[in-house]
Amino acid sequence: MILRVQTRSGTSRVNDIIPSWSLLQLKQHFQKLESVGAPPDRQVLFLRSGMKTQQLEDDDTTLKSYNIQNGDIIIVQHLDPAPMVIDDTSEEIEVIEDEIDQILHEEDGWTDTGRTRYCQHRDNAKCNRCMPIAPWAVQNHDPWKSKGLKHIPFHSWVRELGYQSSNTVPALSEPTYKIKKEGETKVNSVTITRQPYRHVDHVQFENRNIIDKFVSGWRESGKQRCGVLYGRYEKENSIPLGIRATVSALYEPPQKSFTSRTVLLKDNRAEIVDEVAQKLGLRKIGFTWTAITVDQETKEIIEDRPADSPLTSKEMVRMSLLQSRNPSPWEHSHSGTFGSKFVSVLLSGKDGGIDLEAYQTSNQCVSLVSEGAVRASKEDPELFRVRKDTDEYTFADLLYAGKDEYGNNVIHRAEPYFPAHYFLISLTHGFAIESDSMFKSYDFPAVRNKTRPQWEKVRDQVSGKSGSRFLEASILMNILLLIYYMLEKMNMETTLYIVQSLISLLTTF
């Protein structure tokens with residue numbers, strides 16, 4: 001029979017496989033293949049049949065007993081001579097990954113295409129026309145191909161790395177671009193590349209009012225605004241192994257506003273806001289700001305941002321710093337974290353109205369900005385500027401792909417400027433189809449006697465787990481913060497008790 005063998009170098013067809021062979025004989029046969037080459041004791045085989053993947057462990061078991069069929073895929077991985085370690089000089093780090101990452105670890109991610117009218121095999125077999133789609137190959141298949149998908153989900157990218165390497169879940173590390181000078185030390189040149197994956201695929205607002213009320217602040221004052229987004233990370237079903245950032249509330253920190261920009265001020269209550277959000281089952285997941293320009297003569301909103309470079313390098317520096325301060329826990333990494341799920345949402349002018357777009361910057365950009373290797377250009381907002389070496393540190397030379405004056409593809413050296421758009425990652429966005437309005441129903445537990453309500457019950461009320469949602473999370477969060485600011489000497493339990501008492505009274509009439 002014929003088997004398809006997948007290794008780190010690709011997929012090949014292997015003929016003349018005998019079903020009565022033992023697994024050890026199959027490994028010995030694979031050893032002769034150029035794409036494998038490893039001895040039997042260094043091979044780990046997996047059988048992919050349909051949507052399932054099964055590890056083949058017993059060398060004495062026959063292929064027939066494993067129910068291996070003609071045309072099945074055998075995945076061959078190599079064992080490394082030594083086990084992979086996180087850091088030779090540091091103690092092992094205990095990492096608790098985000099709940100969404102733990103959920104996606106358990107998912108297969110392959111998409112079953114189903115039998116086509118051209119298939120001429122048995123129902124339990126597969127051919128090239130009906131093979132399941134790998135999660136990292138969705139860009140080549142509809143409906144994702146027709147959408148022009150530029151970035152695959154982060155978990156899909158990790159699966160591809162594992163598929164091509166000897167580790168099922170490879171260890172990841174953040175790049176570094178500066179080295180402390182010691183003698184003639186010099187960092188090698190680094191090519192700026194477009195990141196093929198994104199840590200978040202979609203940003204969804206639970207209610208359109210969250211944005212409408214935020215924009216109303218700009219309409220009333222004519223000055224730009226910024227805010228912090230609170231919500232949670234969930235599974236995004238529009239793409240295999242996708243992640244969605246669901247926005248439930250928006251908090252506007254202290255800021256000084258101008259017609260063209262905003263300046264964040266010190267927020268002495270930032271920890272309180274995070275605590276209130278945490279009590280409601282929310283967390284800080286993003287940042288949003290307005291960059292809306294109005295024609296002074298016509299008083300109409302104008303579109304003043306290039307389509308190929310919608311963000312300035314200064315904005316991307318801020319985004320990168322925010323992402324670096326909110327890293328994603330990742331067990332299989334050298335530092336215990338890798339990348340960030342923190343998103344940025346821009347509100348700017350388009351077609352005479354206000355348009356919303358969601359972005360992230362690449363991990364390469366975050367590292368370059370965090371290490372001070374690049375800075376925003378003062379001369380051109382669409383460019384980054386490479387920092388010169390200092391007395392203490394030396395920085396990598398940056399290369400990027402571009403075109404010469406004749407339209408030929410060439411590699412440029414950043415001397416010292418380069419385009420900022422190389423680092424930009426676009427996310428899809430939208431609003432929940434069904435949105436709950438304030439005072440839709442009265443589901444809060446009645447306030448009676450002196451029993452203090454529990455945060456868990458309130459969190460269930462806000463999320464809608466306990467009956468219909470009574471208040472939007474954004475409204476309840478702002479009520480809690482307002483009362484807490486007024487009664488700062490009281491603890492959070494007392495604040496919640498007062499809030500529920502007020503709600504009970506309001507809904508009595």
Side-chain angles (χ1 to χ4, degrees), residues 198 200 203-205 208-230 245 247 249-265 267 284-323 325-326 340 342-362 365-366 369 374-385 419-431:
R198 54 191 181 189
V200 172
V203 178
Q204 178 170 289
F205 289 84
R208 188 175 291 273
N209 289 334
I210 297 173
I211 288 297
D212 290 344
K213 291 175 182 177
F214 178 61
V215 173
S216 67
W218 170 82
R219 294 187 186 278
E220 293 169 4
S221 65
K223 298 178 179 180
Q224 308 300 337
R225 304 294 299 167
C226 64
V228 181
L229 304 175
Y230 285 85
V247 180
L250 189 156
Y251 164 70
E252 295 190 44
Q255 55 194 275
K256 190 172 183 180
S257 299
F258 302 90
T259 55
S260 60
R261 62 190 175 97
T262 58
V263 177
L264 283 172
L265 306 176
D267 189 358
K284 191 183 298 180
I285 64 170
F287 185 81
T288 184
W289 73 99
T290 61
I292 306 170
T293 304
V294 176
D295 188 294
Q296 296 303 312
E297 294 184 0
T298 63
K299 302 302 179 183
E300 294 181 350
I301 297 175
I302 60 176
E303 182 177 350
D304 60 346
R305 296 199 169 219
D308 60 346
S309 186
L311 295 176
T312 66
S313 56
K314 188 174 182 179
E315 290 170 329
M316 293 176 68
V317 166
R318 180 177 60 189
M319 290 168 58
S320 298
L321 292 174
L322 289 172
Q323 287 178 212
R325 295 167 190 165
N326 296 274
S340 173
F342 198 85
V343 301
S344 294
V345 177
L346 167 68
L347 293 163
S348 61
K350 186 174 183 180
D351 299 329
I354 298 175
D355 187 48
L356 182 154
E357 294 292 344
Y359 301 100
Q360 282 192 307
T361 56
S362 67
C365 182
V366 172
V369 170
V374 300
R375 293 176 176 174
S377 169
K378 295 180 180 179
E379 290 76 13
D380 189 333
E382 297 181 24
L383 300 177
F384 271 110
R385 178 171 58 86
H421 64 78
Y422 278 91
F423 295 139
L424 196 58
I425 298 173
S426 299
L427 317 179
T428 60
H429 66 275
F431 298 90

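- The shortest heavy-atom contact between A245 and V343 is CB-CG1, 4.3 Å.
- The side-chain heavy atoms of K284 and Y230, taken from C-beta on, include a pair separated by under 4.5 Å.
- Distance alone, capped at 3.5 Å, is enough to place a donor-acceptor pair between the Q296 side chain and the V294 backbone.
- At distances below 3.5 Å, not a single donor-acceptor pair connects side-chain atoms of D351 with backbone N or O atoms of G353.
- The nearest pair of heavy atoms linking M319 to L311 is SD-CD1, 3.5 Å.
- A donor-acceptor pair under 3.5 Å is absent between the side-chain atoms of E300 and the main chain of T298, judged by distance alone.
- Atom OG of S221 sits about 12.0 Å away from atom CZ of F258, to the nearest 0.5 Å.
- Panel note: side chain R198, backbone S426; a donor-acceptor pair is recorded below 3.5 Å.
- A salt bridge links E315 to R305: at least one charged side-chain nitrogen sits closer than 4.0 Å to a carboxylate oxygen.
- Side chains of S257 and R225: a donor-acceptor N/O pair is present below 3.5 angstrom, by distance only.
- No donor-acceptor pair closer than 3.5 Å links the side chain of T288 to the backbone N or O of G227.
- Summarising the geometry of P310 relative to L346, their closest heavy-atom pair is O-CD2, 3.9 Å, with the distance given to 0.1 Å.
- Relative to the ring axis of W289, R261 does not place its NZ or CZ within 45° and under 6.0 Å from the centre.
- S320 and T361 share a donor-acceptor pair across their side chains, judged by distance under 3.5 Å alone.
- Between F431 and the options I211, V247, N209, a side chain to side chain contact (heavy atoms under 4.5 Å, CB included) holds for only I211.
- Among the candidates T293, T259, T290, the single residue satisfying the side chain to side chain donor-acceptor pair (under 3.5 Å) test with Q224 is T290.
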